[in-house]
Amino acid sequence: MRTRPLKVALLGCGVVGSEVARIMTTHADDLAARIGAPVELAGVAVRRPDKVREGIDPALVTTDATALVKRGDLDIVVEVIGGIEPARALITTAFEHGASVVSANKALLAQDGAALHAAAEEHGRDLYYEAAVAGAIPLIRPLRESLAGDKVNRVLGIVNGTTNFILDKMDTTGAGYQEALDEATALGYAEADPTADVEGFDAAAKAAILAGIAFHTRVRLDDVHREGMTEVTAADFASAKEMGCTIKLLAICERAGDGASVTARVHPAMIPLSHPLASVRGAYNAVFVESDAAGQLMFYGPGAGGAPTASAVLGDLVAVGRNRISGATGPGESAYAALPVSPMGEVVTRYHISLDVADKPGVLAQVATVFAEHGVSIDTVRQQGKDGEASLVVVTHRASDAALGGTVETLRKLDTVRGVASIMRVEGE
Ligand SMILES: NC(=O)c1ccc[n+]([C@@H]2O[C@H](COP(=O)([O-])OP(=O)(O)OC[C@H]3O[C@@H](n4cnc5c(N)ncnc54)[C@H](OP(=O)(O)O)[C@@H]3O)[C@@H](O)[C@H]2O)c1
């Protein structure tokens, strides 16, 4: 074993960073044996220097993260600050001063992954970010390395624990969205401002990262179609149950029909109870991968939390540490396929549409005609009438999002259609 230690700087010592530091200390001997050199915590950058941080030598703590990454003697910089700046500038500076980087920062990777990979490559350093998608679940490395010889066609995942907790509550207790969100907040599963989770921003960042790796193509956050789950109602769950389905907020990355393009999207969707993702409960995450040769794979586990996320960070630290010692670098960005990202209108799937209509003869035929005019084929229709009003639930065969959008627009103009109560995509069949 090499006796000169690998010097590691920790940028951020919050939920994740404090666990990274703890495991680095408590597992120091094992980490040294696995890497082939001891690991030394050389500095810890934070915002509030006076906060008591258990197990951290106060002499290592600094508020000057830039000076820390410019030291020039660092082997690895672990970025667990989050957000775009100063994380982006710090990572770039770390590469310029000879360090490799391990990051958990999905927002930054989704927005600027290509530039960061380019900086890593320019300086002959590693950029690893297993913790950026689905916390502890090994997913980036399996996609980047284990499946590098296969052709991935689809990635379908529950990649946000907060929203899965809320939807699971609604499903199992019949609660409405607000009630389930309040419980998630009280239990610490949702932040005081839950926007990033419930509006799908967090899942969209992960979808961009996953699609890019799976399809060897650059997919940016702006390329991901995003819809949140705040409009999902108890009535939607009742409809889903009648279809033998449940509702999940899904990140879906797939090759489009002819394989010449890809799509990436995040939205709530019905999935059959028989699909493995339907049984992912509480705040757990799971990602279902379909590939040519391997077939169907499912990755499951805790998608967040200090220790689980630190597990993924430490795994990267070991891999990057080994690379430093052998003088190698791991896989960089693979974007050679450069497939175009198709707009949402070209996505083809099935739909569950719930309409409030007048309860009188001919309405069903009128509605069916609108679907036919837009080339959307109906699979099943269910009608319930009461006091002159009725609800009509239509489930379609596969159709493009653009065709379905046109259908709904025309339906809204019909006198007999009082309103479109819900539109939900049906996935995983
Ligand atoms: N939490 C999770 O479960 C989870 C899961 C997967 C990925 N991640 C990712 O991991 C990263 C960190 O998340 P977290 O939950 O650990 O965040 P956090 O608890 O808010 O911790 C952020 C840390 O960064 C420090 N910091 C903030 N601004 C700084 C600056 N300008 N210079 C130096 N230090 C600064 C903070 O210092 P103070 O301690 O002084 O405030 C704190 O120690 C994010 O990218 C997040 O997306 C988190």
Side-chain angles (χ1 to χ4, degrees), residues 9-23 41 43-56 58 60-70 77-91 93-94 101-113 116 127-140 157-165 184 187-197 201-206 208-210 221 282-285 287 301-317:
L10 189 57
L11 309 184
C13 192
V15 174
V16 179
S18 59
E19 284 297 312
V20 171
R22 182 184 65 78
I23 299 170
L41 191 56
V44 181
V46 297
R47 213 171 14 187
R48 296 166 295 166
D50 299 330
K51 189 174 173 230
V52 176
R53 299 173 200 269
E54 206 183 317
I56 306 272
L60 295 177
V61 175
T62 175
T63 53
D64 194 346
T66 306
L68 178 59
V69 295
K70 280 185 173 172
V77 167
V78 175
E79 184 277 308
V80 278
I81 292 176
I84 305 303
E85 292 294 356
R88 172 169 48 197
L90 291 169
I91 290 175
T93 308
V101 173
V102 173
S103 174
N105 195 332
K106 60 216 137 194
L108 180 57
L109 265 304
Q111 185 172 311
D112 253 345
L116 294 178
L127 173 61
Y128 276 49
Y129 45 92
E130 183 63 68
V133 181
I137 307 173
L139 197 55
I140 304 290
I158 295 168
V159 292
N160 182 277
T162 306
T163 47
N164 202 57
F165 179 90
L187 292 172
Y189 288 117
E191 291 182 27
D193 176 2
T195 309
D197 295 318
F201 290 102
D202 173 82
K206 293 164 181 171
I209 296 169
L210 289 176
L221 187 54
Y284 276 86
N285 283 197
V287 177
T309 308
S311 164
V313 171
L314 266 300
D316 281 353
L317 190 79

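This chain uses plain numbering: 1 for the first residue, then up along the sequence. Just so you know, ligand 1 is whichever comes first in the structure, and atom 1 is the first atom listed for that ligand.
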Notebook entry, point to check: Are N105 and S103 close enough that a side-chain donor and a side-chain acceptor fall under 3.5 Å?
Noted result: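 Distance-only check fails for N105 and S103.
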Checklist line | Interatomic spacing from CG in L90 to OG1 in T66 - rounded to 0.5 Å | finding: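 Between atom CG of L90 and atom OG1 of T66 there are 5.0 Å.
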Notebook entry, point to check: Can you tell me how far CG of L187 sits from OG1 of T162, rounded to the nearest 0.5 angstrom?
Noted result: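 Result: 11.5 Å between the selected atoms.
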Margin query: Checking K106 against I209 for the side chain to side chain contact (heavy atoms under 4.5 Å, CB included) test, could you report, in this order, the C-alpha distance in whole Å, the side-chain angles of both residues, the deciding distance, and whether it holds?
Written below: CA-CA 8 Å; K106 60 216 137 194; I209 296 169; 4.0 Å; yes
When you check ligand 1 against the protein, what N or O pairs turn up below 3.5 Å? List the atom names and distances, or just say none.
from, atom 1, to, atom 2, distance (Å)
ligand 1, 3 (O), G305, N, 2.7
ligand 1, 16 (O), V15, N, 3.2
ligand 1, 16 (O), V16, N, 2.9
ligand 1, 19 (O), V15, N, 2.9
ligand 1, 37 (O), R47, N, 3.1
ligand 1, 39 (O), R53, NH1, 3.0
ligand 1, 39 (O), R53, NH2, 3.2
ligand 1, 40 (O), R47, N, 3.0
ligand 1, 40 (O), R48, N, 2.6
ligand 1, 40 (O), R48, NE, 3.4
ligand 1, 40 (O), R53, NH2, 2.9
ligand 1, 41 (O), R47, NH2, 3.1
ligand 1, 41 (O), R48, NE, 3.1
ligand 1, 41 (O), R48, NH2, 2.9
ligand 1, 43 (O), C13, N, 2.8
ligand 1, 43 (O), G14, N, 3.1
ligand 1, 47 (O), K106, NZ, 3.3

Check: Crowded around Y189 OH? As in, over 12 foreign heavy atoms under 6.0 Å?
Finding: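 Not more than 12 within 6.0 Å, no.
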Margin query: Among residues at least two apart in sequence or on other chains, which ones pass salt bridge (Lys or Arg N to Asp or Glu O under 4.0 Å) with R53?
Written below: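 Salt bridge (Lys or Arg N to Asp or Glu O under 4.0 Å) check on R53 returns nothing, list empty.
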